[in-house]
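In what follows, a structure is listed as structure tokens, so that the remarks can point back to it.
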Amino acid sequence: MATLTITEEKIDTSSLNALDSSWRVVLWNDPINLISYVIFVLRSTFGYSLEKATELTMEVHNHGRSIVSSGKREKAEADAHSLHQFGLWATLEREPA
Amino acid sequence: MTIPSGPIRRIGPELFENQLREEEIELLSLLPSLVEEAIEMNSPYVARMFPPTYPFDAVAQSKFEKTTGDSLVEKHKVMLEGFTSSLHNKQLNFADLAIWVGAINDIRLLLGTTLDVYEGMEPPDPSDPTYHNFVIYDYLAWLQGSILDFLGSQFSDD
């Protein structure tokens, strides 16, 4: 997977204090994690099918990032934390209005 | 001709035989403590294991770290210790294998960050001082991939 680069313009930071809005968990590309490992983590964490986990992983690999889950802030934070426990790089951003 | 066997062999629906050679176990048993020491020292080389959730909001990031930071450190330590303690086990189950791939990933994150790995990177020349670490990094990728081949079979749609 290609080198991870997070640029601020890719992330909506306009309403980070909004607690009630929906949030997206963004998984970022990196050069170390194996594709097969990322697929395994997405299946283990979210219960995704092989097809869906592979599609999301390849989106990360080919486009640098992918939205792998979404929901209220508390759930999104829990999801990001779960991915961090597996060594994946996940961030949160607010769903656009 | 002898066909080399993999590090793990399935011996039951949810049971696997650990086929690692003694010298592999010896090498692998040394690596988790390097990661644990780097975590204890707050080394920049383990920053990849603790990525920011809110990279552009220091307040939200600080609050998130306060609530999750300790459990994240603990999770990594438990995984590394679980890996070390099961390296000599002759039989492994899916839970063991999941711990193995997670711990190997942590070790690869440390080594990969130290080596400044990038996509398509060629192995350094054998005379390069980083060569041996790169060989270990590549070996770990092979080992992790071999185990992941078995782990996928626990999911119902495989």
Side-chain angles (χ1 to χ4, degrees), chain A residues 1-19 23 25-44 47-54 61 73-74 76-94, chain B residues 35 46-61 63-64 67-69 71-76 78-79 94 97-98 101-113 115-121 137 140-142 144-149 151-152 154-158:
Chain A
M1 305 179 89
T3 303
L4 173 70
T5 307
I6 301 177
T7 53
E8 190 162 8
E9 61 267 24
K10 283 185 177 178
I11 296 181
D12 176 10
T13 59
S14 60
S15 303
L16 288 179
N17 293 324
L19 293 172
W23 291 74
V25 180
V26 181
L27 182 61
W28 296 86
N29 203 4
D30 75 75
I32 296 173
N33 292 326
L34 300 179
I35 287 174
S36 56
Y37 179 68
V38 177
I39 292 170
F40 165 72
V41 172
L42 291 179
R43 299 184 78 186
S44 299
Y48 291 158
S49 66
L50 174 61
E51 184 182 8
K52 180 168 184 177
T54 302
H61 181 63
R73 188 171 188 167
E74 191 174 333
E77 286 190 339
D79 287 349
H81 184 56
S82 295
L83 296 174
H84 293 169
Q85 290 179 336
F86 283 101
L88 301 193
W89 194 322
T91 61
L92 293 194
E93 63 182 40
R94 193 185 169 217
Chain B
V35 182
V46 291
R48 209 24 217 85
M49 291 166 58
F50 305 96
T53 305
Y54 297 98
F56 303 111
D57 185 329
V59 174
Q61 178 59 29
K63 189 177 173 188
F64 184 77
T67 56
T68 62
S71 71
L72 186 56
V73 170
E74 186 64 19
K75 172 76 177 182
H76 286 298
V78 165
M79 206 147 52
F94 278 124
L97 297 188
V101 294
I104 291 169
N105 207 67
D106 280 352
I107 298 165
R108 290 188 72 247
L109 286 173
L110 173 66
L111 275 178
T113 305
L115 292 165
D116 201 15
V117 165
Y118 55 87
E119 178 97 24
M121 184 177 184
Y137 176 80
L140 291 173
W142 169 80
Q144 189 184 30
S146 301
I147 298 168
L148 284 164
D149 287 343
L151 270 174
Q154 73 180 299
F155 301 110
S156 57
D157 64 334
D158 260 21

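To find a chain, count down the sequence lines: A is the first, B the second, and so on, and within it residues start at 1. Since the structure is predicted, the reported quantities are computational estimates derived from the model, not experimental observations.
Heavy-atom distances place the backbone of A/Phe86, and not its side chain, under 4.5 Å from chain B. Residue A/Ile39 does not touch chain B at all, counting heavy-atom pairs closer than 4.5 Å. Interface remark: A/Ala90 contributes backbone atoms only to the contact with chain B (heavy atom separation under 4.5 Å). Proximity to chain A is absent for every atom of B/Thr67, based on heavy atoms less than 4.5 angstrom apart. Within the 4.5 angstrom heavy-atom criterion, only side-chain atoms of B/Met79, from C-beta onward, approach chain A. There is no contact between B/Phe50 and chain A, counting heavy-atom distances below 4.5 Å. Contact annotation for B/Leu148: only side-chain heavy atoms (C-beta onward) come within less than 4.5 Å of a heavy atom of chain A.
Put simply, OH on A/Tyr48 and CZ on A/Arg43 are 13.0 Å apart, with the number rounded to the nearest 0.5 Å. Note that CD of B/Gln144 is 12.0 Å distant from CG of B/Leu97, once rounded to the nearest 0.5 Å. Once rounded to the nearest 0.5 Å, the distance linking CG of B/Asn105 with CG of B/Leu110 reads 11.5 Å. For the atom pair A/Ile32 CD1 and B/Tyr118 OH, the distance stands at 13.5 Å (nearest 0.5 Å).
A/His81 and B/Ser71 share a side-chain donor-acceptor pair at under 3.5 Å.
None of A/Leu83, A/Asn33, A/Asp30 except one satisfies the side-chain contact (heavy atoms from CB on, under 4.5 Å) rule with A/Val38; the exception is A/Asn33.
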